[in-house]
Undergrad: 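Sending over a structure as C-alpha cells; questions will come in a sec.
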Amino acid sequence: MKVTVFSSKPYDEQFLKEFNAPFGHQLVFIENRLKPETALLAEESPAVCAFVNDVLDAETLGNLARGGTRFIAMRCAGFNNVDLAAAKALGLQVARVPAYSPHAVAEYAVALLLCLNRRIHKAYNRVREGNFSIDGLMGSDVHGKTIGVVGTGIIGSIFARIMTGFGCEVLAYDIHPNPDCVEAGVRYVSLDELFTRSHAISLHCPLMPQTLHLIEEKTLARMRDGVFIVNTSRGALIDTEAAITAIKSGRIGGLALDVYEEESELFFEDLSFRIIQDDVFMRLTTFPNVLVTGHQAFFTREAMANISNTTLSNLADFEAGRDCPNLVKLDSKP
Ligand code: NAD
C-alpha cells in the first residue's frame with residue numbers, strides 16, 4: 001500500500017525503512033509538513049503518516065480525502081493537531097502510537113530539571129571558554145524538595161516515581177488519580193495545593209480546552225517565589241508571555257521547555273541562518289535560567305523503534321481491514 005510520510009527527517013526514514021521489511025508498505029518520504037497546500041502530494045495514497053506539527057485541519061483533511069486517502073497514521077501519541085470532527089465527517093480513520101517509550105520523556109523531564117537546577121547548561125559553555133569560575137552556578141539539593149506533577153498518566157507516573165527515588169515529596173494532580181502512584185508514595189492534592197506548595201512543577205497532562213494556559217498570570221501568582229517549571233507535554237499548557245513576566249519578577253526561578261506554544265513554525269528545522277521572527281520565543285532564550293530544547297524528549301533509539309513498528313502495524317491493520325487497536329475515537333477530545 002502506498003503511504004505518504006510527511007515531515008520526514010533522515011531518522012524517520014532510517015527507522016521506518018528498517019522496520020518496514022515484514023510489512024512491505026510502499027513508503028514515499030516527503031520533507032514538507034502536511035498542510036492544505038501539501039496534502040495534494042499524497043494523491044492516490046490510501047494512507048498518510050503525519051507528525052506533531054503537521055496541520056490536519058478540515059481543509060487539509062478535505063484535500064487528503066479528495067485525493068483518495070482514507071487512513072491517517074500519526075507517528076506520535078498526541079492528536080491535538082487533528083480536526084477529529086472533520087475526519088469523522090469525511091470518513092477518515094485516525095490511528096496513533098499511544099505509548100512508545102514513556103521512559104524517554106519522563107527521564108528527559110528529570111534531566112531538564114537537574115540541568116536547570118545545577119546550571120549545567122551555563123557550566124558547559126563556561127568551561128569551553130576556559131572559564132572555570134563556579135560563581136553563579138549554585139543550585140539546591142533536589143532531595144527533600146516538594147515536586148508537583150500535573151497529569152499522572154503513562155509518562156507523569158514514571159516521572160513521579162523517579163522523583164520519589166530522589167527523596168522528594170511528590171504531589172500530584174490528575175482528574176483520574178493513578179493507584180500505582182499512590183502505592184509509590186505520591187500524594188494526590190488539589191491543583192491549587194500543588195501550585196502553592198511545589199518547589200518544582202512538571203507538566204504531563206494533554207493539551208485540551210481545560211488545560212490551555214494552565215500556567216498563566218493567576219496560577220503563577222499562587223506559586224512559590226523561585227518555582228521551577230518543566231514542560232515536556234505541549235507548549236500551550238503555558239501562557240508564554242505570562243511566564244516571561246514571572247521570570248522577570250523572579251516568581252519563576254527556572255523554566256525548562258521541550259515544547260513551545262508556537263513551535264510549529266520553528267522546531268525540527270535548522271534555522272541557524274535565518275532571522276527568527278518570533279520575538280516572544282527570542283526573549284525566552286535571553287534568560288540565563290531558561291532552558292529550551294526543540295521537542296526531543298521522545299527521541300531515543302527505543303522510542304523510534306517502537307514508533308516505527310506500531311505505525312507500520314497500524315497501517316497493516318488498515319490495509320488488511322482488521323480492527324486497529326490504536327484508532328482514535330473520532331468523537332473523543334484530544
Ligand atoms: P496519558 O494520556 O497517559 O496521560 C495524561 C494524563 O493526564 C492522564 O492521566 C489524564 O487523566 C490526565 N489529565 C487529563 N486531563 C487533565 C487535567 N485537566 N488536569 C490534570 N490531568 C489531566 O499521556 P502520556 O502518554 O503520559 O503523555 C503526556 C503528555 O506528554 C501528552 O500531552 C503528550 O502529547 C506529551 N508527549 C510529549 C513528548 C515529547 O517528546 N516532548 C512525547 C510524548 C508525549
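Note that the numbering runs from 1 along the sequence shown for the chain. Both counts, for ligands and for their atoms, begin at 1 and track the order of listing.
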Undergrad: Check this for me: E193, atom CD, are more than 12 non-hydrogen atoms of other residues, nucleotides or ligands nearer than 6.0 Å?
TA: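 Enclosed: over 12 neighbouring heavy atoms sit under 6.0 Å from CD of E193.
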Undergrad: Only heavy atoms of T152, strictly under 4.0 Å: list the atoms of ligand 1 that pass.
TA: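 Ligand 1 atoms under the 4.0 Å threshold to T152: 9 (O).
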Undergrad: Parallel, tilted or perpendicular: which describes the rings of F159 and H204, with under 30° parallel and over 60° perpendicular?
TA: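 Rings of F159 and H204: tilted, 30 to 60°.
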Undergrad: Which residue and non-hydrogen atom of the protein lie closest to atom 42 (C) of ligand 1, and at what distance in Å?
TA: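 For atom 42 (C) of ligand 1, the nearest protein heavy atom comes out as Y100 OH, 3.2 Å.
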Undergrad: If you draw a 6.0 Å radius around CZ in R322, do more than 12 non-hydrogen atoms from other residues or ligands fall strictly inside?
TA: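 Yes - once you tally the heavy atoms of other residues, nucleotides and ligands closer than 6.0 Å, there are more than 12.
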Undergrad: Are K9 and E269 within salt-bridge range, i.e. N to O under 4.0 Å?
TA: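 A salt bridge is present here (some side-chain N lies under 4.0 Å from a carboxylate O).
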Undergrad: Would you give the length of the straight line joining atom CG of L257 to atom CG of N231, rounded to the nearest 0.5 angstrom?
TA: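 Taking CG in L257 and CG in N231, the distance rounds to 6.0 Å.
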Undergrad: Could an N or O of ligand 1 be found under 3.5 Å from any N or O of T232, whether backbone or side chain?
TA: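 There is such a contact, yes.
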Undergrad: Within less than 4.0 angstrom of ligand 1, does F299 place any heavy atom?
TA: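 Contact check F299 vs ligand 1: negative.
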Undergrad: Quick one: does ligand 1 sit under 4.0 Å from the side chain of A297, the backbone, both or neither, non-hydrogen atoms only?
TA: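 Both of them.
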Undergrad: For V48, is there any backbone N or O sitting under 3.5 Å from a side-chain donor or acceptor partner on S45?
TA: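 The answer is no, because no donor-acceptor pair under 3.5 Å joins these two groups.
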Undergrad: Out of D174, L207, T211, L214, indicate the one that has the non-hydrogen atom closest to atom 6 (C) of ligand 1.
TA: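 Shortest heavy-atom distance from atom 6 (C) of ligand 1: D174.
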Undergrad: When you measure from atom 19 (N) of ligand 1 to every protein heavy atom, which one gives the shortest distance, and what is it?
TA: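 Closest protein heavy atom to atom 19 (N) of ligand 1: Y173 CE2, 3.5 Å.
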Undergrad: Is the shortest N/O to N/O distance between V105 and ligand 1 below 3.5 Å?
TA: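 No, V105 has no N/O under 3.5 Å of an N/O on ligand 1.
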Undergrad: Is atom 3 (O) of ligand 1 in close reach of the protein, with a heavy atom under 4.0 Å away?
TA: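 Answer yes: something from the protein, a heavy atom, is under 4.0 Å.
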Undergrad: Which option out of A303, P206, G153 puts a heavy atom nearest to atom 7 (O) of ligand 1?
TA: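 Looking at heavy atoms only, P206 sits closest to atom 7 (O) of ligand 1.
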Undergrad: For atom 35 (C) of ligand 1, state which one of S101, S233, P102, G156 supplies the nearest heavy atom.
TA: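 Nearest heavy atom to atom 35 (C) of ligand 1 lies in S233.
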Undergrad: So is D258 polar-close to ligand 1, meaning N/O to N/O under 3.5 Å?
TA: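 Among all N and O atoms of D258, at least one is under 3.5 Å from an N or O of ligand 1.
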Undergrad: Is I154 close to ligand 1, meaning an N/O of one under 3.5 Å from an N/O of the other?
TA: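 Checking ligand 1 against I154, an N or O pair does fall under 3.5 Å apart.
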Undergrad: Could you tell me which non-hydrogen atom of V259 sits nearest to which non-hydrogen atom of F267, and how far apart they are?
TA: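 Taking V259 first and F267 second, the nearest heavy atoms are CA-CE2, 4.1 Å.
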Undergrad: To which protein heavy atom is atom 25 (O) of ligand 1 closest, and what is the distance rounded to 0.1 Å?
TA: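 In this structure, atom 25 (O) of ligand 1 has I155 CD1, 3.7 Å as its nearest protein heavy atom.
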Undergrad: Determine the minimum heavy-atom distance between A95 and C324, stating which atoms define it.
TA: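 Shortest heavy-atom contact: CB-SG, 4.2 Å.
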Undergrad: Could you tell me whether some N/O pair between V259 and ligand 1 is separated by less than 3.5 angstrom?
TA: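 It does not: no N or O of V259 is found under 3.5 Å from an N or O of ligand 1.
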Undergrad: Can a salt bridge be assigned to the pair K35 and D54 using a cut-off of 4.0 Å between side-chain N and carboxylate O?
TA: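 No.
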Undergrad: Can you pull out the closest protein heavy atom to atom 22 (C) of ligand 1? Residue, atom name and distance to 0.1 Å, please.
TA: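 That would be C205 CB, 3.7 Å.
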Undergrad: Check each of M208, H176, R96 against atom 15 (N) of ligand 1 and report the one with the nearest heavy atom.
TA: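 The nearest heavy atom belongs to M208.
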Undergrad: Identify the closest protein heavy atom to atom 33 (C) of ligand 1: which residue and atom is it, and at what distance?
TA: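 Checked against all protein heavy atoms, atom 33 (C) of ligand 1 sits closest to R234 NH1, 4.1 Å.
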Undergrad: For A99, is the nearest heavy atom under 4.0 Å from an atom of ligand 1?
TA: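 No, that is not the case, since the closest heavy atom of the residue is not under 4.0 Å from the ligand.
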Undergrad: Is it true that atom CZ of R224 has more than 12 heavy atoms of other residues, nucleotides or ligands lying nearer than 6.0 Å?
TA: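 Yes, enclosed.
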Undergrad: Check ligand 1 against F298 and write out every atom of the ligand that is under 4.0 Å from a heavy-atom position of the residue.
TA: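 With F298 as reference, the close atoms of ligand 1 come out as 40 (O), 42 (C).
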Undergrad: Looking only at heavy atoms, is any part of H204 under 4.0 Å from ligand 1, and if so is it the side chain, the backbone, or both, or is it neither?
TA: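 The answer is the backbone of H204.
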Undergrad: Taking V97 as the starting point, is it possible to reach L27 by hopping between hydrophobic residues whose side chains are less than 4.5 Å apart?
TA: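 Shared cluster, yes.
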Undergrad: How about E31: does its CD atom have over 12 heavy atoms from other parts shown lying under 6.0 Å from it?
TA: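 No, the 6.0 Å shell around CD holds no more than 12 heavy atoms from other groups.
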Undergrad: Do NZ/NE/NH1/NH2 and the carboxylate oxygens of R70 and E319 come within less than 4.0 Å?
TA: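 Not counted as a salt bridge, because no side-chain N and carboxylate O are separated by less than 4.0 Å.
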